[in-house]
Protein chains: 2
Amino acid sequence: MRISSRFTIAIHIFACIDTFGDTCKVTSDFLAGSTNVNPVIIRKILGQLKKAGLIEVARGTGGTTVAKPLGEISFLDVYHAVECVGKGDLFHFHENPNTNCPVGRNIHHILDDRLLQVQNAMEEELASITLADLKKDTEKYLDENNL
Amino acid sequence: MRISSRFTIAIHIFACIDTFGDTCKVTSDFLAGSTNVNPVIIRKILGQLKKAGLIEVARGTGGTTVAKPLGEISFLDVYHAVECVGKGDLFHFHENPNTNCPVGRNIHHILDDRLLQVQNAMEEELASITLADLKKDTEKYLDENNL
DNA sequence: ATAAGATGTAATAATGATAGTTACATCAAA
DNA sequence: TTTGATGTAACTATCATTATTACATCTTAT
């Protein structure tokens, strides 16, 4: 199972706001054009990012802006905004192990700590990367390739 | 998106083989009973674990055994056996960003490194845990709870 | 040999999440 | 009040997971 494309779309959205926000009004249609994703999907993701306090969306007049400095928005913030994976919920457990079996009775409790350990490692890595880091990556890449 | 229950089922299977392997023949029906998962699903997972060289399954006569010492089987080995997530493939990218847009044209290349960094962090954590560790966890748990 | 018990696997269905699409109510500003 | 945008409901298509039935195949014991 892979993590849904909502995450990479969301990152793409931030990159667009940062790149075009000064010169254009960044609307859901504009973002749909850049990502090549349906505008309704974009609006749904914008709604999730807005709910998480990461962006502001202008009702009526239209257009999206970033709500905080890029250095204060981590990949984890974005991930949590668009992907609803609760604590200890990254791994899907088989629902009803047999409680009459000594293994079935205890496996969930014993394994949960280890699964959480893995999820935490992943989330800590997501937390360590900010949108400002990605912006630096971008500038470096464009510079190195004379773009 | 969550990681499929095949992983926790596979771990459960190893726990059963370790617990019951000496006294019973561990068949797919036996495992289906302990996990409360359909026998055909169990056989499919057994096939994946077998293909990865982690277990041996006796054709005809039936029964499953572990192919290596538990300390030499990591969570990552099990994960890779049952979950086919290739390198840089944990995050699902939106397929066709607009190449006429400077953001759309470069986002994939720039983001890929960071996504791989996150995937690697997760896989390294999975690699750091062995089935022997889990066995120790289990013994500790049973001991502490007088089971 | 063959019967018994197990694995391997094809085929089908149910379920749930993702993603696309149409349609429309709502909103803010010109 | 018109215009252009957001917010959302409703419906669909697609895909992965999981369950289930059915059966060919294999190994051992009788």
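What you are looking at is a predicted structure, and each value in this text was computed from that prediction instead of being measured. Chain letters run A, B, ... following the sequence lines, proteins first, then strands; residues in each count from 1.
Within 4.0 Å (heavy atoms only), B:Gly60 reaches at least one base atom of the nucleic acid. At the heavy-atom level, B:Gly63 lies under 4.0 Å from the strands shown only through sugar-phosphate atoms.
Judged by distance alone with a 3.5 Å cut-off, a donor-acceptor contact links the side chain of A:Arg59 to the base of D:dT6.
Within a 6.0 Å radius of NZ in B:Lys68, more than 12 heavy atoms belonging to other residues, nucleotides or ligands are found.
Atom CG of B:Leu46 is separated from atom C1' of C:dA6 by 12 Å (rounded to the nearest Å). Distance A:Ile45 CD1 to D:dT8 P: 15 Å, rounded to the nearest Å. The CZ atom of A:Arg43 sits 12 Å away from the C1' atom of C:dT26 (whole-angstrom rounding). Atoms CD (A:Glu95) and P (D:dT18) sit 9 Å apart, rounded to a whole Å. Rounded to an integer number of Å, the gap from CZ of B:Arg2 to C1' of C:dT18 is 15 Å. Here C:dA17 presents its C1' atom at 14 Å from CD1 of A:Ile3, a figure rounded to the nearest Å. Remark: P of D:dT8 and NZ of A:Lys44 are 12 Å apart, rounded to the nearest angstrom. One can place NZ of B:Lys51 at 13 Å from C1' of C:dG8, the figure rounded to the nearest angstrom.
Contact record, B:Ala81 with B:Ala52: CB-CB, 3.6 Å, taken as the closest heavy-atom pair. In this structure, A:Leu70 and A:Val66 approach most closely via the heavy-atom pair CD2-CG1, 4.2 Å.
Under 4.0 angstrom from either OP1 or OP2 of D:dC26 there lies no side-chain N or O belonging to B:Thr61.
Within the model, atoms CZ of B:Phe75 and CZ of A:Arg114 stand 6.5 Å from one another, a figure rounded to the nearest 0.5 Å. With rounding to the nearest 0.5 Å, the separation of CD in A:Gln119 from CD in A:Glu124 is 11.0 Å.
For A:Val57, whose side chain is taken as the heavy atoms from C-beta onward, the closest listed nucleotide among D:dG7, D:dT18, C:dT18 is D:dG7.
Ring geometry for A:His108 against A:Phe93 counts as parallel: the plane angle stays under 30°, on a 0 to 90° scale with 60° as the upper cut.
Each of A:Ile107 and A:Leu116 belongs to its own hydrophobic cluster when Ile, Leu, Val, Met, Phe, Trp and Tyr are linked at side-chain heavy-atom distances under 4.5 angstrom.
Positionally, the nearest nucleotide of DNA chain C for B:Lys50 lies more toward the 5' end than for the other of B:Lys50 and A:Ile41.
Contacts between residues 6-38 of chain B and DNA chain C, defined by a heavy-atom separation under 4.0 Å, are made by B:Lys25, B:Thr27, B:Ser28.
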